[in-house]
Amino acid sequence: MDLLSGLNDAQREAVTAPPGPVMVMAGPGSGKTRVLTHRIAYMVQHLGARPRDLLAVTFTNKAAREMRQRVDSLLGGSGARSADSLTLGTFHAISARILRREAEAVGMRRDFVIYDDDDQMTLMRQVVKELGFDPKQVQPARVLAGISRAKGELIDPQDYPASSYFEEITRRAYLRYQDLLRVNNAFDFDDLLFALVRLLRDQPEARLRYQSRYAHLLVDEFQDTNTSQYALLRLLATESPDLFVVGDADQSIYRWRGADYRNVRRFLDDYPQARLILLEQNYRSTQTILDAAMAVIDRAPARQKKRLFTDRGSGIPVRVHEAYDETDEAHFAVETIALLTQRGQADPRDVAIMYRTNAQSRMIEEAFLQAGLPYNLVGAQRFYGRREVKDVVAYLRLIHNPSDQVSLLRVLNTPPRGLGAKAIETLLQTAERAGLSTAGLLIELGRNASSPLSEGFAARALGALSAFGRMLDAWLGRAESLPVTTLLDEVLAHTRYQNYLDDGTEEGAERWENVLELRNVAADFDDMDLASFLENVALVSDQDTLTDAQNAPTLLTLHAAKGLEFPVVMILGLDEGLLPHQRSFDDPEEMAEERRLFYVGITRAKDQLFLVRALRRRQSGTAMASEPSRFLQDIPSDLVNGEFGFQRTREQSSYQRQTRWDSWSAPPAPKEAVFRSGMRVRHPAFGEGMVIESRLEHDDEVVTIAFQGAGFKRLSVSLARLEILEDLPDDSA
DNA sequence: TAGTCTGGGCTTTTT
DNA sequence: GCCCAGACTA
């Protein structure tokens, strides 16, 4: 039974528990993923379950991928025994897949699209205006927040409680918004769950079908489920369910998204016979780090005390540092990492820098750029939120689902085709009067520009519209038969999209790079269909973008850090107002969540933990003195080694210097010059140039270069990333 | 109609 | 300090 060897008693108990409701309460680093994967393998190998009978839910797509790989290697099987047939994914991804099959049953077409925040905003802005409100008075984001909360609680628009004026507006907006989603054949994130709950709740036949389809249910990060997700589980579970959930109430950090750690309590009430298993031994962190973590979390009100222990030894103290301001803070982080690396105490990729808000990453990125050092940034928004990426995706979504008016309006005049507000308004009105969809009307105009429907359009607009219609018509005819990349290439070619982006600036070139990157992603879907590609694009999360492609530190928010571990963790911004965040000050529940967030951050660290704050911090432009985070006081001083409480001035601060390192370990001093006059070289910023002179100075080689665009520069070879383009033969002089 | 300007708003975390 | 939307101008 080598599947069970290497597991401790509690882990083994969880893995081998007889089918039935089981709740595993797993502290950080206690081998929770290990338990889940082994549980799956155990069921297949020893309890006669087929992988296809299992439904396993994870919190991110990345976690799902990793889990599938690990199960795969545990099973080592093929065919019916392989992990391929396992249903494994996030609640949203699994729901989307099922809804694709059941689209008709929930009143949608199977080519539906999934709207992200941006799309939702576009639609809601339209709704607010339609209802006669000023988007400045009635903020679409606030209305959407209310609707999202309602959907998470499974409240229909008709039942939306309207006890205030704003709620009454929200109720009306909710009704109209749902109509529009339906017309556009689109789901938003919350709808994916709600629609499936409705299906299973209202259609007993479907419920029975899926209950028997998925005989065994497993859920990771259970503490972060919300009402609709829990309802989904209850609906999928039979009278005597095999329901295995793993979670840690102390790591519940998504309350704001409707997650309710009280689902843990609810589970135990709903399944009083449930077996409860505690995993307390930690295999990740030193005892010092665990003690600091427990000191922080023990102050949380109303919580079940847990003990965390390790046999890893106490390790080195937590280091606390107080910087002058946020720039200083960022430089401290970068230089500390460079020093650790040079001393051989850590590899750059071993280090994570964590922070409360995404806005903080900017400073840190700049510090890295100034030092000439690479970093990995976790954040899907960075890529999928980009305008050019969204444009291209919108074209594909429109082709997939011509009813999708949000996408249609996005691309109709992108690149500019001379279509303004007037033409678009006429288009929408004509379509409505003729009882056609907007896309339908465009295609009609494309086929027959002198159609009776063309009256009312300015001649120039009509030309542009019918050209667009023909283009769309052609794509629609071929979409199904083409691989995604081919279709994408056609879209780019027909719209002359590169031409549009390429304005000669560096930014334009970068935007085009992003489009090509999207094409790379699409290439992975060439043997699948457009729907799979679009679904994947819609459901990626920040954490899914984490790559360790380059050997560099990782920058990420504390939320994105959940489920990860790093040998060295630096948490920045430990100031009142940031962590805990200002918005949590007047709500004890939210304050408790900030505390748990800090706890999650601390417990990511295996060996070394740095806690950093700044004396002054800029908030919306103006610098203000800031107070140390209240959480810092909770950490016993005997665990800490640091320089706290110094009142430092900018001059005294040692991390203002803007050293360029350029590589993580300092290169050995050069003994002889590498560059010779006459050599052609390229510099990342200055472009191409020719070496005029080179000589050795202070353990470094200093070259003078005449750049074609930037003139003469004196550069230090160890700092400037110079690339030799052309060496001269020896006899050329 | 398209590009530029300006004023106002805002800043938590994300499937 | 930054970004966006709407206003304004070419």
Side-chain angles (χ1 to χ4, degrees), chain A residues 57-64 89-96 114-118 120-122 125 129 134-137 139-142 144-145 148 151-152 187-194 221 224-226 228-229 252-259 326 354-363 378-381 384-385 387 413-424 458 460-461 464 503 535-545 556-562 573 577-585 587 590 593-594 596-598 600-601 617-623:
Chain A
V57 188
T58 57
F59 198 69
T60 65
N61 298 300
K62 178 168 174 277
T90 63
F91 273 108
H92 290 89
I94 290 171
S95 299
I114 300 166
Y115 277 177
D116 67 11
D117 300 357
D118 247 37
Q120 294 184 47
M121 279 292 269
T122 308
R125 208 170 288 127
K129 282 183 199 160
D134 176 359
K136 291 207 170 122
Q137 311 288 314
Q139 295 161 7
R142 278 190 65 203
L144 280 170
S148 177
K151 287 181 175 177
F187 286 112
D188 66 17
F189 287 134
D190 302 309
D191 275 343
L192 289 174
L193 305 175
F194 200 169
E221 307 283 10
D224 282 322
T225 52
N226 67 12
S228 64
Q229 289 165 344
S252 159
I253 53 173
Y254 285 96
R255 201 181 83 95
W256 50 275
R257 214 170 76 192
E326 67 267 37
M354 303 177 186
Y355 36 84
R356 178 64 177 84
T357 68
N358 275 309
Q360 289 170 260
S361 78
R362 192 186 211 94
M363 269 299 152
V378 178
Q381 277 305 9
Y384 286 101
R387 199 186 68 208
N413 199 35
T414 315
R417 301 185 173 88
L419 294 169
K422 193 69 185 286
I424 287 167
R460 216 170 58 180
D503 52 2
E535 195 165 297
N536 190 274
V537 168
L539 297 176
V540 281
S541 73
D542 275 359
Q543 285 158 81
D544 299 326
T545 67
L556 73 180
T557 63
L558 287 162
H559 282 88
K562 190 171 74 158
L578 251 188
L579 183 64
H581 196 273
Q582 212 160 330
R583 304 265 295 237
S584 67
F585 282 177
D587 181 348
E590 284 192 35
E593 178 142 316
E594 297 288 310
R596 293 193 295 269
L597 191 54
F598 184 38
V600 166
R617 220 168 255 290
R618 239 201 292 275
Q619 273 174 353
S620 60
T622 46

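Computed over heavy atoms, backbone and side chain alike; hydrogens, waters and symmetry mates excluded. In what follows, chains are A, B, ... by sequence order, proteins preceding strands, each numbered from 1.
- Distance NZ (A/K422) to P (B/dA2): 14 Å, rounded to an integer number of Å.
- Residues meeting the side-chain hydrogen bond (donor to acceptor under 3.5 Å, both in side chains) test with A/Q229, sequence neighbours left out: none.
- Taking only side-chain nitrogens and oxygens, A/T60 never comes nearer than 4.0 Å to OP1 or OP2 of B/dT15.
- Using a 4.0 Å heavy-atom distance criterion, A/L419 is classed as a sugar-phosphate-only contact.
- Checked for salt-bridge contact, A/D188 and A/K151 meet the test: a charged N lies under 4.0 Å from a carboxylate O.
- Rounded to whole angstrom, the span from the CD atom of A/Q360 across to the P atom of C/dG1 amounts to 18 Å.
- Residues A/A423 and A/W256 each lie close to DNA chain B; by heavy-atom proximity, the contact nearer the 5' end of the strand is made by A/A423.
- Distance A/L144 CG to B/dT14 P: 18 Å, rounded to the nearest Å.
- Distance from the side chain of A/T357 is smallest to B/dT13 among B/dT13, C/dG6, C/dC2.
- One can place CG of A/D118 at 12 Å from C1' of C/dC4, the figure rounded to the nearest angstrom.
- Considering only the side chain of A/H92, B/dT15 comes nearest among B/dT13, B/dA2, B/dT15.
- Residues passing the side-chain hydrogen bond (donor to acceptor under 3.5 Å, both in side chains) test with A/T225, sequence neighbours excluded: A/N263.
- When the side-chain nitrogen and oxygen atoms of A/N413 are compared with OP1 and OP2 of B/dT1, none of them lie within a distance under 4.0 Å.
- The nearest whole Å value for the distance from the CD atom in A/E594 to the C1' atom in B/dT13 is 8 Å.
- Comparing B/dA2, C/dC2, B/dT14 by their nearest atom to the side chain of A/N358 picks out B/dT14.
- Counting to the nearest Å, the P atom of B/dC10 and the CD atom of A/Q582 are 14 Å from each other.
- Put simply, the side chain of A/E590 does not reach to within 4.5 Å of the side chain of A/F585, judged on heavy atoms.
- Taking 4.0 angstrom as the limit, A/Q139 places a side-chain polar atom (N or O) nearer than this to OP1 or OP2 of B/dC10.
- Nearest to the side chain of A/R583, among B/dT11, B/dT15, B/dT1, sits B/dT11.
- Here the two rings, on A/H559 and A/W256, have centers that are under 6.0 Å apart.
- Considering only side-chain N and O atoms, A/N61 lies nowhere under 4.0 angstrom from the phosphate OP1 or OP2 of B/dT15.
- Contact annotation for A/R125: backbone-only contact, meaning every heavy-atom pair under 4.0 Å involves sugar-phosphate atoms and none involves a base.
- Residues A/L556 and A/M354 meet the side-chain proximity criterion, which asks for heavy atoms closer than 4.5 Å.
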Pull out every protein N or O sitting under 3.5 Å from an N or O of nucleotides 7-10 of chain C, one pair per line with the distance.
none

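- Taking the six-membered ring wherever Trp is involved, the centroid distance between the rings of A/F187 and A/F194 does not fall below 6.0 Å.
- Look at CG on A/L597: it is 13 Å from C1' on B/dT14, rounded to the nearest Å.
- When each of A/A359 and A/G418 is assigned the nucleotide of DNA chain B with its nearest heavy atom, A/G418 is the one assigned upstream, toward the 5' end.
- When rounded to the nearest whole Å, the span between OH of A/Y355 and C1' of B/dT11 equals 15 Å.
- Among the nucleotides B/dT14, B/dT11, C/dC2, the one closest to the side chain of A/H581 is B/dT11.
- Salt bridge status for A/D587 with A/R255: present, with a side-chain N to carboxylate O gap under 4.0 Å.
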